[in-house]
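Reading through the structure tokens given below for one structure.
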Amino acid sequence: MTVHFIGAGPGAADLITVRGRDLIAASPVCLYAGALVPVELLDYCPPGARKVDTASLNLDEILAELVAAHEAGLDVARLHSGDPAVFSAMAEQMRRLDAEGIPYDVTPGVPAFAAAAASLGRELTVPEVGQTVILTRIAARATAMPDGEDLATLGLSRGTIVLHLAVQHIERLVDELTPNYGADCPVAVVARASRADEVILRGTLADIAGQVRAAGILRTAVVIVGKVLAADNFRDSHLYSTVRAR
């Protein structure tokens, strides 16, 4: 028996990986993260599979489901939105599984920030414009941020910043990033990336908060801040250069 942590992708059901799809089809138990996971993915579950929406469950209740499956010898497809390597709360589940001696593996998925960049038609690493991407969030009601990982500090790099779980605090983001990036720094907000109801907002730190409030975006959105979003007149990379030794 194995618990398979599976990245279910950013929203569009057809962005599940082939491996992820096949593991769902082979697992008699499926735990999924509520509305964050495309409901169409549950169609891949085998007939008679136990399907559990974990949106209203706490960690102890989730673990109880995994332990019960382990005792019954049933593989589990544990679906997380996006890629479970980032902001998935997978680590605390794996720690509990380790303590119980329950085996698990991880199948990556398409992360929300990658889907957002695709929708924007942008590369997030552009030669001599931006070569650093910071994935972060802000401290609100959830777990506190570690020392030195506040936006004012991270913004000193002036690298491209991708913010998850933060759009509801857009004014705060603007206030904390403007001193380092400038009010004219390009910003994009992509809500429900890759889904049929996706919303894309483009602007600057000076006007993005007003756009977000006008659009009524409160959750399930990625905020991207950085000069790469407007890069046009940049040097070609060395990768395909005619002077590169091959």
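Just so you know, these numbers use all the heavy atoms, side chains as well, and skip hydrogens, waters and symmetry mates. Keep in mind that this is a model prediction, so the values were computed, not measured.
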Note to self: What I want to check is whether the side chains of Thr136 and Glu149 have a donor and an acceptor closer together than 3.5 Å.
What the structure shows: no
Next item on the list: Only counting residues at least two apart or in another chain, list the ones meeting side-chain contact (heavy atoms from CB on, under 4.5 Å) with Asp60.
Entry: Asn58, Arg96
Checklist line | Within 6.0 angstrom of Asp236 CG, more than 12 heavy atoms from elsewhere | finding: no
Check: Residues sharing Ile62's hydrophobic cluster, by side-chain heavy-atom contacts under 4.5 Å among ILVMFWY, directly or via others?
Finding: Met1, Val3, Phe5, Val29, Leu31, Val52, Leu57, Leu63, Leu66, Val67, Leu74, Val76, Met90, Met94, Leu97, Ile102, Tyr104, Val106
Notebook entry, point to check: Does the side chain of Leu124 reach to within under 4.5 Å of the side chain of Phe113, using non-hydrogen atoms?
Noted result: yes
Item checked: Separation of Leu154 CG from Ile138 CD1 (nearest 0.5 Å) -> 12.0 Å
Check: Hey, what do you get for OG1 (Thr143) to CG (Leu165), rounding to the nearest 0.5 Å?
Finding: 10.5 Å
Next item on the list: Could you pull out all residues at least two apart from Asn233 that satisfy side-chain contact (heavy atoms from CB on, under 4.5 Å)?
Entry: none
Margin query: On a heavy-atom basis, which atom in Pro10 and which in Ala112 lie closest, and how many Å separate them?
Written below: CB-CA, 4.0 Å
Check: With sequence neighbours excluded, what pairs up with Glu128 under the side-chain hydrogen bond (donor to acceptor under 3.5 Å, both in side chains) test?
Finding: Arg235
Next item on the list: Please write out which residues are connected to Leu239 in a hydrophobic cluster, directly or through intermediates, given that two of Ile, Leu, Val, Met, Phe, Trp, Tyr count as joined at side-chain heavy-atom separations below 4.5 angstrom.
Entry: Tyr240
Item checked: Residue pair Pro84 / Gly7: nearest heavy atoms and the distance that separates them -> CD-CA, 3.4 Å
Next item on the list: Could you tell me which non-hydrogen atom of Ala144 sits nearest to which non-hydrogen atom of Ala139, and how far apart they are?
Entry: CA-CB, 4.3 Å
Checklist line | Leu36 versus Arg195, closest heavy-atom pair with distance | finding: O-NH2, 3.5 Å
Under 3.5 Å, which donor-acceptor pairs do the side chains of residues 213-232 form with other protein atoms, sequence neighbours left out?
from, atom 1, to, atom 2, distance (Å)
Arg213, NE, Glu171, OE2, 2.9
Arg213, NH2, Gln168, O, 2.9
Arg213, NH2, Glu171, OE1, 2.7

Item checked: Main-chain N/O of Ala85 paired with Ser88 side-chain donor or acceptor, under 3.5 Å -> no
Next item on the list: Can you measure from OG1 (Thr107) to CG (Asp105) and round to the nearest 0.5 angstrom?
Entry: 5.5 Å
Notebook entry, point to check: Partners of Thr125 by side-chain contact (heavy atoms from CB on, under 4.5 Å), sequence neighbours excluded?
Noted result: Glu123, Gln131, Val133
Checklist line | Asp207: partners by side-chain contact (heavy atoms from CB on, under 4.5 Å), with sequence neighbours left out | finding: Thr204, Gln211
Note to self: When you compare the side chain of Thr160 with that of Thr132, does any pair of heavy atoms fall below 4.5 Å?
What the structure shows: no
Note to self: I want to check something: taking the side chain as every heavy atom from C-beta on, are Pro108 and Asp83 in contact at a cut-off of under 4.5 Å?
What the structure shows: yes
Check: Which distance, rounded to the nearest 0.5 Å, do you find between the CD1 of Ile6 and the CG of Leu23?
Finding: 4.5 Å
Check: Rounded to the nearest 0.5 Å, what separation is found between the CD1 atom of Ile134 and the CD1 atom of Ile161?
Finding: 4.5 Å
Item checked: Linked, directly or transitively: Val86 and Leu15 (ILVMFWY side chains, under 4.5 Å) -> no
Item checked: Heavy-atom side-chain proximity of Arg192 to Val199 below 4.5 angstrom -> yes
Next item on the list: Take Leu163 and Arg137 through the side chain to side chain contact (heavy atoms under 4.5 Å, CB included) test and state the conclusion after the steps.
Entry: CA-CA 5 Å; Leu163 288 135; Arg137 64 172 182 84; 5.6 Å; no
Note to self: Looking at every heavy atom in both Ile16 and Gly20, which two are closest together, and how far apart are they?
What the structure shows: CG1-C, 4.1 Å
Checklist line | Joint cluster assignment, Leu79 & Val110, ILVMFWY side-chain distance < 4.5 Å | finding: no
Item checked: Side-chain donor or acceptor of Ser194 paired with backbone N/O of Ala12 under 3.5 Å -> yes
Next item on the list: Can you run down the salt bridge (charged side-chain N to carboxylate O under 4.0 Å, His left out) pairs that involve residues 21-39, sequence neighbours left out, and say none if there aren't any?
Entry: none
Check: Rounded to the nearest 0.5 Å, how far apart are CD of Glu61 and OG of Ser56?
Finding: 7.0 Å
Notebook entry, point to check: Among the clusters formed by ILVMFWY side chains lying less than 4.5 Å apart, do Val162 and Leu173 turn up in the same one?
Noted result: no
Less than 3.5 Å apart, which donor and acceptor atoms pair up between the side chains of residues 40-51 and the rest of the protein, not counting sequence neighbours?
from, atom 1, to, atom 2, distance (Å)
Arg50, NE, Glu65, OE1, 3.0
Arg50, NH2, Glu65, OE1, 3.3
Arg50, NH2, Glu65, OE2, 2.7

Margin query: Which residues end up grouped with Met145 if you chain together Ile, Leu, Val, Met, Phe, Trp and Tyr wherever their side-chain heavy atoms are less than 4.5 Å apart?
Written below: none
Next item on the list: Kindly say whether Tyr32 contributes a backbone atom to a donor-acceptor pair with the side chain of Thr54 at under 3.5 angstrom?
Entry: yes
Donor-acceptor pairs under 3.5 angstrom involving side-chain atoms of residues 176-187: please list them, not counting sequence neighbours.
from, atom 1, to, atom 2, distance (Å)
Glu176, OE2, Arg172, NE, 3.0
Thr178, OG1, Val174, O, 2.6
Asn180, ND2, Ala152, O, 3.1
Tyr181, OH, Gly159, N, 3.4
Tyr181, OH, Gly159, O, 2.6

Notebook entry, point to check: Is there a side-chain contact between Arg78 and Gln93 (heavy atoms, below 4.5 Å)?
Noted result: yes
